[in-house]
Amino acid sequence: MTKEITDEQLRQLYTSVGWCAYTNTFDDLSILLDKAIQVITAWDNNKLVGLIRTIGDGVYVEVIQDLLVLPEYQGNGIGKYLLTRACEGAEDKKQVFLLTESGAENKKALSFYSKQPYFSAFSDISITGFYKTQHILK
């Protein structure tokens with residue numbers, strides 16, 4: 001059964017982990033889900049407690065764009081479950097990757113990702129990632 005996700009539920013989840021770029025930019029966050037390849041969620045009854053969202057070309061490349069778990073639910077295997085499900089859903093893709101900030105403020109996320117069996121850090125596979133940001137926030 002697929003549950004409908006409201007803008008309010010999405011805002012609460014993104015805000016709870018300090019991600020305000022989307023919440024400050026879009027009036028309705030559901031557009032993020034509409035354009036996704038995969039959206040997998042975790043619920044505690046009717047409370048959205050986790051979400052993973054992937055984007056890509058649908059054929060060759062899939063990017064894990066967002067993985068969020070409410071802080072009070074972190075450490076209970078929800079993030080690992082969501083990541084596993086997303087990777088299983090992208091098994092037909094040649095490249096599956098994610099990018100995350102590498103600063104000290106993201107130490108918890110870096111520790112989490114480094115323990116997952118699906119990914120190697122860029123430095124481990126002789127790849128350098130490049131990205132462009134659009135500074136649309138005022």
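- Looking at residues two or more places apart in sequence or on another chain, you find a side-chain hydrogen bond (donor to acceptor under 3.5 Å, both in side chains) between D28 and S30.
- In this structure, T23 has no side-chain hydrogen bond (donor to acceptor under 3.5 Å, both in side chains) partners at least two apart in sequence or on a different chain.
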Chi angles and distances behind the side-chain contact (heavy atoms from CB on, under 4.5 Å) call for I64, F97: CA-CA 6 Å; I64 295 170; F97 63 94; over 6 Å; no
side-chain contact (heavy atoms from CB on, under 4.5 Å) assessment of L33 paired with L10: CA-CA 10 Å; L33 307 184; L10 287 171; 3.8 Å; yes
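- Here the side chains of K115 and K80 are not in contact, with every heavy-atom distance at 4.5 Å or above.
- In this structure I40 satisfies the side chain to side chain contact (heavy atoms under 4.5 Å, CB included) test together with Q38, I52, L82, R85, A86, sequence neighbours excluded.
- Summarising the geometry of D44 relative to V49, their closest heavy-atom pair is CB-CG1, 3.8 Å, with the distance given to 0.1 Å.
- For D57, the side chain to side chain contact (heavy atoms under 4.5 Å, CB included) test picks out V59, Y60, V61, with sequence neighbours left out.
- With sequence neighbours excluded, the residues forming a side chain to side chain contact (heavy atoms under 4.5 Å, CB included) with E72 are K47, L70, listed by chain and number.
- Every residue two or more places apart in sequence or in another chain that forms a side chain to side chain contact (heavy atoms under 4.5 Å, CB included) with I55 is listed here: R53, V63, Q65.
- Grouping the Ile, Leu, Val, Met, Phe, Trp and Tyr side chains by contacts below 4.5 angstrom, directly or via other members, places I37 apart from L83.
- If you take CG on L51 and CD1 on I5, they are separated by 5.5 Å, rounding to the nearest 0.5 Å.
- With sequence neighbours excluded, no residue forms a side-chain hydrogen bond (donor to acceptor under 3.5 Å, both in side chains) with K35.
- In this structure Q95 satisfies the side-chain hydrogen bond (donor to acceptor under 3.5 Å, both in side chains) test with no other residue, sequence neighbours excluded.
- Note that the CD1 atom of I78 and the CH2 atom of W43 stand 12.5 Å from one another [nearest 0.5 Å].
- For N46, the CG atom sits in a loose shell: 12 or fewer heavy atoms of surrounding residues, nucleotides or ligands are nearer than 6.0 Å.
- Of all the heavy atoms in V39 and A36, the pair that sits closest is CG2-CB, 3.6 Å.
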Exercise answer: donor-acceptor pairs, residues 13-21 side-chain atoms, under 3.5 Å, sequence neighbours excluded:
unit_1 : atom_1 : unit_2 : atom_2 : d
Y14    : OH     : D66    : OD2    : 2.6
T15    : OG1    : R11    : O      : 2.7
S16    : OG     : L13    : O      : 2.7

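- Of the possible polar contacts, one joining the Q9 side chain to the T6 backbone as a donor-acceptor pair under 3.5 Å is found.
- Distance check: T54 OG1 to L67 CG gives 11.5 Å after rounding to the nearest 0.5 Å.
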